[in-house]
Engineer: 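Below is a structure I'd like to ask you about.
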Amino acid sequence: MSLFMQALVAGLLLGGVYALIAVGLNLIFGVVKIINFAHGEFVMMAMYATFWMWSAWNLSPYLSIFIITPLMFVFGMVLQRFILQPMQNSSPTMKIFVTLGLSILLQNLALVLFGGQFRSTQFPWGEKSVTVLGISATYGRITAFVVALVLVAALFYIMKKTLIGKVLRALAEDRETAGLIGIPVKKYYLVAMGLGTAMTAIAGVLIAPFHSVFPLAGAHFTLLAFVVVVLGGLGNMVGSLVGGLLLGAVETLVGTYIDPALQLVAVFVVFIIVLLARPQGIFGGSASNAEVGLK
Amino acid sequence: MDNTLLKVDNVSKRFGGVQAVGGVSLELEHGEIIGLIGANGAGKTSFFNLISGMHFPDSGTVEFDGDDITRLDTASRARCGIGRTFQVVRPFKGMTVAENVMVPLLVNDASVKTARKRAAELLEELSIGGLARKPAESLTLAQRKRVEVARALATGPKLLLLDEVLAGLNSREVIDVLPFVAKVRDRGVSILMIEHLVSAVMEVSDRILVLDHGVVISEGLPNEVVNDPKVIAAYLGKED
Amino acid sequence: ACATASAGGTTLKIGAFFPVSGPLALLGEESWRGVQIATDLRNAAGGVAGKKIELKFADVPDVNAATSESRRLASSPDVKLAIGSYSSALSLAASEVFARGGRSFVELGAVSEEITARGYENVYRFNPSAGDFTKMQMRFISEYLSEKLGKPVSELQVILAHEDSAYGQSVAENAKKDAATAGLVNFSTEPYNAKSTDLSSTVLRMKDKSPDIVMAVSYAADAILLGRQIRDNGLKLGAFIGTGGGHSLMSFHEALGDAADGIFDVDFTQIYVNEKFTPGIQDFTSKYKERYQGLPASGHALANFTGANLLFDLLEKSGGKDDPVEFRNAATSFKLDQGKTAAGWGFELNDKNQNERSDVYIMQWKGTKLETVWPPEAAVREPEIITPFGV
Amino acid sequence: MLDVRNISAFYGDAQALENVNLTLGKSGIVALLGPNAAGKSTTLRVISGIVPAASGTVHFQGEDITAASPQDRVGLGIVHVPEGRKLFGTLSVEDNLILGGYSKRKDRKTTARLDGIYDRFPKLRERRFQDAGLLSGGEQQMVAVGRGLMSEPKLLMIDEMSLGLAPIIVKQMFSLVQEIATGNMCVLLVEQHVQNALAVADHGFIIDGGVTRVSGPVQELLSSSLVRESYLGH
Amino acid sequence: MKKIHYLLSIGAVAIAALLPLVTADQFVLHICVMIFIYVGITVAWNILAFGGILSLGHAAFFGIGSYTVALLYVNLNINPWLGILAAMLTAGIGALCLAIPLLRLRGPFFTLSTLAFVEVLRLIAIYWVGLTNGSVGITTPPAEGWALLSFQERQPYYYIVLFMTLIAISISVWIYHSKMGYHLRAVASDEDAVRALGVRTPRLKLTALVISAALTGAFGAFTAMYFFVIEPETNFSATLYSIQPALNGIIGGMGTLLGPIVGALLMTPLGEWLRTTFSGATQGLNFVIYGIVLIVIVRVMPGGIVAGFTKLYRRFRPAERSAGSGDSKDGTAEEIVDDDHISTTAGRRS
Ligand SMILES: Nc1ncnc2c1ncn2[C@@H]1O[C@H](COP(=O)(O)OP(=O)(O)OP(=O)(O)O)[C@@H](O)[C@H]1O
Ligand SMILES: Nc1ncnc2c1ncn2[C@@H]1O[C@H](COP(=O)(O)OP(=O)(O)OP(=O)(O)O)[C@@H](O)[C@H]1O
Ligand SMILES: [Mg+2]
Ligand SMILES: [Mg+2]
């Protein structure tokens, strides 16, 4: 039982990390409508930034996050402005491959600049662990988990209640009409991409204390993040949280009780099974409005 | 032999909280044209979807040409002879108008050559022969509607479901098109048409069915129906 | 390293395959550095048999690239001999092309048994193989740890956690056999996926078995992750023995800090080793420092350096002739005792063209140094028993 | 107020407009008529800026806006209710309306404007929190017009206003248009119900083949035999 | 097909067939073999793309094909030629396994789950050591001769894969112009509408997927014999055999006939050339350049290379304008309501 609880807690904490990485992707995928294969590389960039600030200025990740997040916001906007925006009208598949090119580029740029070394941010506070009822967890992971919750709640609020959120949802649905009724579409795409990238940066910074930093550090997360977003439902932040937690729990429980070598298999199989039952994801709305007179 | 082509018995369909179709029955005979009118959201298109198999009814049955087709999928129904158009037109992008029409023709006829010829004829018949080589997405709404009709006709239907194909035509153009509808019927195709242009519906329909909130509120000969106070209240509005 | 490519008489062209991009970039690059240093030193000393050595380098991040690049180099009539390749899969691919094309391939770093087990007479391996790693581990456990931990071998609970790449899987296969031979009755393996981003389930399963010793085969990131999660979950161990790869890397110590102290590791020779046993290691170390501004990240550079030097010695003996027959004659007749090269290796090929006198040693982290501690002839100090990961 | 001079426009290589001229006053209803594929929708698109004019000019209140972006034009008071309504189906009715008022978002009068719309369309007040996609066609058209009105336009262009609407709603929409056009607003209507359109409009333009053929006050048009024959069918 | 197309195709085939007579350079021939392999799998991938279906799962079929031929050859001593046929069969069966649950999914949902499918197979190939020898992989025994599909020289491989590729292209051309092609292209635009016209789309998509997978499996099998080494990381590599063919196809022009061929013809040598030219310099530099090239191509020719050149060509042949040729594919509608137009026109004002 205590093994089960420990595995479950570990799984949920891991799920928090997945959710954290997925919320940014959810914005980019759900609003900007880009399957961003460079997502993991955004995480990787933030991890490197965290590492370098820590090694150069001994800056704690929990401080550098306030520098890195805005920087990555700008980075996301620049990307949107100069690479993605000019091809807003080309087919979605073409956009996929721009992001793929970007992913290859960023990964290898990191290799060119920093070499293949595996680096670690050593941050004692994040590594300290607490034990409650025989179940232990480190502060670093708990923080990531809590921030994931907060971010999801904040984004949920933003998307539902604020004007920005409404505009973003409108954009996600029909950007041409949004432009027609006077919404500065490009500006909001910049915002969405910036926001998505900034969220991703937060994820990168927060996992840096317990993950190694190397050129491929983010790549392993890309597919997982997609799985989480699709599983939870496009554009649905709560979905990403639930999806992340579900997959995290599946991963550790299957790993603990069946075989760790199969834990990722289990994650993908669960993903496929859930999609079969709910092709729009757990919280995805039904998309067939076409016959109702929309579009 | 029984002359009934389509027999819909008490079908219902609910979407979440909305009872889109609530127990509608209908018998349509060979060679008949029935007009279907009703307020927006009355459930007309949903009713079409139940007949054409885009959705399955929650209850009730659909019989076509003597067979129960309630559980048959769309494609099979189309093969049985139910052709439909979509209210929200759906031309195949990336294909020319002629190619659009070839798609259904190729279902039965494996030869691309004959399909191409037949498509040209059909388009000519709908007086859009000149558009045959244009990309389908470059047409205006009204043109797209005609392509939609051509495509439905190309399935070789016994029953044609027309969902607001006259919308977007001006009065003059409607007058041009109506005889075509009659001509199709004269070839032995039964027609069920949704239209908001009451004068047009009255002109070609043998009978009219009025839906409101998913139920039939009136049914009968065109003249009877338009004078029905319930129809006037729910649909036509008072003449001023 | 690119000397003027003139007539075959004055230069000796050798193909060199290493993955310096992609997921294997780090240790692939380290390996390649070792070869470059050996070549530079040898060329500075006049080359082999009067010829300059010219390396034809190819980056081979994946098997497709390895095949393509070996085709490319093998299509040049001057390249009759190639070296490589750090990774077993790459080695298998590249050596196939060379061997089937009637040329020679010398592996300097990959450990899978498969490489020399295919029966190609022109494929050689100068470095130790996976079996050498596990044999050394088992020896260390039965001859040393068993006594220090106060349990007979048959009672020791030993788990091998390993990643499931070719390296991990082939080490695990050998470990199972060698553990049985060594009388480790309570031996089990825990495979995990090389791309896992979380190893808590592996750690929890191990914790459930309360092992005395955990051995691990990991690449870089997972080695660190495993260490951290063992620490975070409070898994108490008598000893932890890494198997090359990630546990030899400086980054492993950097990530875990003091918690890494006391971790054992079996690997290719590292620079903190009995220098009497490893003549020439100082040259290597200083040359490496000079050229790359830092210490080697792992033992790979030294292993490849040593392997390349062995190769040059052979070529010296064959009079600079690199065609397959001459080279094989030279290789099979060449013998060198252990303790005569910079890695401490000797040289003698067995019937499968595997260098039987190369070996791995047990090292232990202390401070920022991975010091050789066992067997005694190579050791710089005695091993210490420290609870792993500061649990 | 709006002056469209000699515009031409293309879709790729295909010419949709050749020479369209249009002038609109400060208020009233103007009907833009013409057969299928005449270029009516395209004309509206050029005016709202989603299709660029290849030649010719568009002036609004004396200012040359030929090259202005659609957003800027909305800011100036030109609003286009596109054919097919194009609501944001997954957003609530109220959110759709709020977004319609985006260009005026800073004046803090959004709530007042919303109330204005709800007073005009009481049915929408009932449905304010429902997803717009689940409304019936007529209700959707109301939202579409309401969304356009939210930015308090000076020129409201409605394409195919009564397309697919039940006769009773068509009547409502026409009286609605008449109502809103009494204020300081000009409504440019593209409509296939020619009789109805001409019944409410003050002024009419007829384009065909991308060229303005006829224009003038409605009475004149109604008496023109060309108009009667080609558009009214009698 | 027009006459000129016939002549051009025959010319291209003739040049390809004669190339080995001109050069015996084994590396050049090897690169050609790689190009043909990629043309083949890209064309196979593209059959599904006719239907607008973007699969990133083809590495699964490639891997299944590779393992089938290798396992049959190594364990049961079954002739590799038969193995290729068996590979087509198993890849087809694999496609059925993928299709039955996944083909109902649409758009990115389908695409991403195919990617997950590849991951699952890769992980199973690693895990199931008893069958696949795990990550260590399988090596085919050395041999020589047509009987065993193993040669020292590249020429025989060259002709074999050229032949296979031509078959794949022919199948693809035939499908495009057949009933199936029309139906698939219609599905690409609107599946519901196609169903309403009487086309059994699940069966249609399934057939397309199975054909596409079987062809991919055949190339997987050939590649296994060609490379000798079969291991999960490579043969089930999404990067090499899912993303790369998709990339070739999309860069050339997804769903068109010529696009995938052109894409593969350009991208394969580009990658090889960059690696041989730059890899010695700095770790990863060749990929940095590759990434940039990729972004630039996609940016400059958003409709694909073929469409890009068609457009250029049209620009210089204004006489042919607006004659909307029978199979013109460019979405004029979208181009026009283009944000960028707005930005350029807006720019003029300021
Ligand atoms: N797929 C669906 N999901 C949810 N609700 C739906 C769906 N299809 C239709 N509805 C709802 O069912 C009701 C009937 O819609 P339907 O489209 O049948 O009306 P209609 O009579 O065709 O109206 P109109 O004349 O405007 O086309 C509407 O309230 C609509 O919102
Ligand atoms: N998106 C588009 N792409 C290409 N051509 C188009 C597009 N939209 C319209 N056209 C063409 O431009 C011309 C004018 O079309 P427009 O839509 O302006 O006509 P309309 O008068 O609104 O017709 P309708 O009454 O049918 O709506 C037509 O020939 C049409 O084929
Ligand atoms: Mg309807
Ligand atoms: Mg129009």
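For the numbers below, each heavy atom of this structure counts, side chains included, while hydrogens, waters and symmetry mates do not. Within every chain, numbering begins at 1; the chains are lettered A, B, ... in the order of the sequence lines, protein sequences first and strands thereafter. Please read all numbers here as calculations on a predicted model, not as lab measurements.
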Engineer: Which region of I258(A), side chain (C-beta onward) or backbone (N, CA, C, O), has a non-hydrogen atom less than 4.5 Å from a non-hydrogen atom of chain C, or is it both or neither?
Structural biologist: backbone
Engineer: Quick one: what part of L225(C) sits under 4.5 Å from any heavy atom of chain A, side chain, backbone, both or neither?
Structural biologist: side chain
Engineer: Checking V20(C) against chain A: side chain, backbone, both or neither under 4.5 Å from a heavy atom?
Structural biologist: backbone
Engineer: Can you tell me how far apart CG (L264(A)) and CG (N193(C)) are? Round to the nearest 0.5 Å.
Structural biologist: 5.0 Å
Engineer: Which residues in residues 213-222 of chain A have any heavy atom closer than 4.5 Å to a heavy atom of chain C?
Structural biologist: F214(A), L216(A), H220(A), F221(A)
Engineer: Could you check whether any side-chain heavy atom of S251(C) comes within less than 4.5 Å of a side-chain heavy atom of Q117(A), counting everything from C-beta outward?
Structural biologist: no
Engineer: Apply the test side-chain contact (heavy atoms from CB on, under 4.5 Å) to residues S120(A) and I224(C): give CA-CA distance (whole Å), side-chain angles for both, the deciding distance (0.1 Å), then the verdict.
Structural biologist: CA-CA 9 Å; S120(A) 304; I224(C) 295 169; 4.0 Å; yes
Engineer: I'd like to check N108(A) versus S21(C) (side-chain heavy atoms, cut-off strictly below 4.5 Å). Are they in contact?
Structural biologist: yes
Engineer: Could you pull out the closest heavy-atom pair between S212(A) and A221(C), with the gap in Å?
Structural biologist: OG-CA, 3.8 Å
Engineer: If you count heavy-atom pairs under 4.5 Å between each of R231(C), E254(C), R228(C) and chain A, which one has the most?
Structural biologist: R228(C)
Engineer: Considering all heavy atoms of both residues, which atom of L204(C) and which atom of Q6(A) are nearest to each other, and what is their separation?
Structural biologist: CD2-CG, 3.2 Å
Engineer: Taking side chain as everything from C-beta outward and backbone as N, CA, C, O, which of these in T252(A) sits under 4.5 Å from a heavy atom of chain C? Side chain, backbone, both or neither.
Structural biologist: both
Engineer: Hey, is NZ on K209(C) packed in by over 12 heavy atoms from elsewhere, all under 6.0 Å?
Structural biologist: yes
Engineer: Report the option among A297(C), A255(C), A25(C) that has the most heavy-atom pairs separated by less than 4.5 Å from atoms of chain A.
Structural biologist: A255(C)
Engineer: As an exercise: rank N233(C), T197(C), T202(C) by heavy-atom pairs under 4.5 Å with chain A and give me the winner.
Structural biologist: T197(C)
Engineer: Work out which heavy atom in Q122(A) is nearest to a heavy atom in G257(C); give both atom names and the distance.
Structural biologist: NE2-N, 3.3 Å
Engineer: Verify, without hydrogens or angle tests, whether Q263(A) (side chain) and D198(C) (backbone) share a donor-acceptor contact under 3.5 angstrom.
Structural biologist: yes
Engineer: Checking Y18(A) against chain C: side chain, backbone, both or neither under 4.5 Å from a heavy atom?
Structural biologist: side chain
Engineer: So which of A10(A), S136(A), S129(A) has the biggest tally of heavy-atom pairs under 4.5 Å with chain C?
Structural biologist: S136(A)
Engineer: Does any heavy atom of chain A fall under 4.5 Å from the side chain of E190(C), the backbone, both, or neither of them?
Structural biologist: side chain
Engineer: Nearest 0.5 Å please: distance from the CG atom of L27(C) over to the CZ atom of F118(A).
Structural biologist: 7.5 Å
Engineer: Chain A: which of P191(C), S200(C), G246(C) shares the most heavy-atom pairs with it under 4.5 Å?
Structural biologist: P191(C)
Engineer: For the candidates K207(C), Q229(C), M250(C), which exhibits the highest count of non-hydrogen atom pairs separated by less than 4.5 Å from chain A?
Structural biologist: Q229(C)
